[in-house]
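All of these numbers come straight from a predicted model, not from anything done at the bench. Basis for what follows: all heavy atoms, side chains included, without hydrogens, waters or symmetry-related copies. Proteins get letters first, then strands, A, B, ... in listed order; numbering begins at 1 in each.
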2 protein chains.
Amino acid sequence: MYELLYEKIRENISISEEEFNFCKTLFQPKKLRKKRFLLGEDDVCKYTAFVEKGLLRSFIIDEKGTEHILQFSLEGWWAADLSSFLTGEPSKYNIEALEDCELLLMTKPAWDLLLEKIPVFERYFRILIEKNLIVTQRRLIASFSDTAEEKYYKLIQNFPHILQRVPQHMIASYLGVTRETLSRVRGQIAARK
Amino acid sequence: MYELLYEKIRENISISEEEFNFCKTLFQPKKLRKKRFLLGEDDVCKYTAFVEKGLLRSFIIDEKGTEHILQFSLEGWWAADLSSFLTGEPSKYNIEALEDCELLLMTKPAWDLLLEKIPVFERYFRILIEKNLIVTQRRLIASFSDTAEEKYYKLIQNFPHILQRVPQHMIASYLGVTRETLSRVRGQIAARK
DNA sequence: AAATAGCATTGATCTATGTCACATTATTTG
DNA sequence: CAAATAATGTGACATAGATCAATGCTATTT
């Protein structure tokens, strides 16, 4: 436990073992079974979660009742509704385990304490959020200019492994198309080969 | 000069006057005329720019030759291609002044120095990027679930002032619809009143 | 004031994707 | 292991918005 976290942190910043030991005390380990929710809409996002094992999805349900997946969080990534976690306002998002998960949870007070005691974590989180922003900007542009097929192609280029772990209708939701459309796109690709 | 910058920084973090004085030395003021470019695609984004006055747009041109506006940067905001600025790789974006602008430019080495000397700026930039991420996530979800009219409505709720300063076809591009569609949407709204 | 260029509007099609309905196939779960 | 449930595939049809093309504005510029 914590090895992956240590590794991921040191990919971006350098901290001493002592500092990491303090950091560890701020987390609470938590197992979350498949289909259980880390966060439900209208609740405040009390934790930011580091994923040691498993896979979660963050999604929103719009006024028409359609689900839209904002993010998949795999091992080594974080899952939370940033906006709610930071402001303490109720979230519009849901975060659900798609597999049995092992998480490391951190509350907002613990997070504040971490940043206060070891300010270099500001840098760590800045870098994480930057990467997330860059990915989200690309998805936004893709939603403007790519066809369903192009979006699907890019996904299998960038995250080939995700396809094996996530049902197709969730891939469709992540791409912003219906499951029927994705099914047809896949059919056409297969037919061409 | 620099008052707006000082104000914006202190909205998010607290720094001493001395620290701010050091910070100031890292910028170079620059006037940029309307229609001139701060960054052209295939160039490395050498500066991150604080906007003291004026208005810029960041946009990308896709394979089909269509422009897509990622962001408008008004007074008090920043403009840059984060990805290129951080990595030093050529940018795919263009940044163009839509009005005569007064900017404060900072190079990557200056930026690194600022973060090294006054680490609390890590926090400042983290908060900025967080806000940007939250807005971008909302736009992504909107692109999945909102009609052209809904997207336009939300824009005039959130940025009523921008409409007076930006030609309609650029608003359309920001929303991810064609100028014709936006024109029709506006016509329908007007007809209903 | 004429001229030129950029913007916005409007109409007539076209098309990718959505919607609805049902069939088929996997995967859970009692 | 069977029944229930969830996921995928396919067909017929509907539609929001794109595309293409012409026309009318409005601002600068000369």
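When heavy atoms are screened at a 4.0 angstrom cut-off, A:K34 is found touching the sugar-phosphate backbone but no base atom. Contact annotation for B:R179: no contact, since no heavy-atom pair falls under 4.0 Å across all strands.
Side-chain proximity of B:T181 to the nucleotides C:dT29, D:dT8, D:dG17 is greatest for D:dG17. Which of D:dG9, C:dG18, D:dC20 sits closest to the side chain of B:E180 comes down to D:dC20. Side-chain proximity of B:P167 to C:dT9, C:dG18, C:dC7: nearest is C:dC7. For A:A148, whose side chain is taken as the heavy atoms from C-beta onward, the closest listed nucleotide among C:dA8, C:dT17, D:dT19 is C:dT17. The nucleotide whose nearest atom lies closest to any side-chain atom of B:S183 is, among C:dT10, D:dG17, D:dT8, C:dT10. For A:T147, whose side chain is taken as the heavy atoms from C-beta onward, the closest listed nucleotide among C:dT17, D:dT10, C:dC7 is C:dT17.
A side-chain donor-acceptor contact under 3.5 Å links B:S143 and A:S143. Donor-acceptor pairing under 3.5 Å is lacking for the side chains of B:T25 and B:N21.
The separation between A:Y152 atom OH and C:dT17 atom C1' is 17 Å, rounded to whole Å. Rounded to whole Å, atom P of D:dA7 lies 15 Å from atom CZ of A:R186. Remark: C1' of C:dC7 and CZ of B:R165 are 19 Å apart, rounded to the nearest angstrom. B:E149 has its CD atom 17 Å from the P atom of D:dT15, to the nearest Å. To the nearest angstrom, C1' of D:dG17 lies 11 Å from CD of B:Q188. Between the P atom of C:dT9 and the CD1 atom of B:I189 lies a distance of 12 Å, rounded to the nearest Å. Across the protein-nucleic acid pair, B:L182 atom CG and C:dT9 atom C1' stand 12 Å apart, rounded to whole Å. One can place CG of B:L175 at 16 Å from C1' of D:dA18, the figure rounded to the nearest angstrom.
Aromatic rings from B:W77 and B:F72 are positioned such that their centres are separated by 6.0 Å or more. Close placement of the A:W111 and A:F85 rings is indicated, their centers lying within 6.0 Å of each other. Annotation: B:F125 is in aromatic contact with B:W78 [ring centroid separation under 6.0 Å].
When the side-chain nitrogen and oxygen atoms of B:H169 are compared with OP1 and OP2 of C:dA8, one or more of them lie within a distance under 4.0 Å. Distances shorter than 4.0 Å separate none of the side-chain N or O atoms of A:Q168 from OP1 or OP2 on D:dA6. An OP1 or OP2 oxygen of D:dG17 is reached within less than 4.0 angstrom by no side-chain nitrogen or oxygen of B:T178.
With hydrogens and angles left out, the side chain of A:R184 and the base of D:dG11 share a donor-acceptor pair within 3.5 Å.
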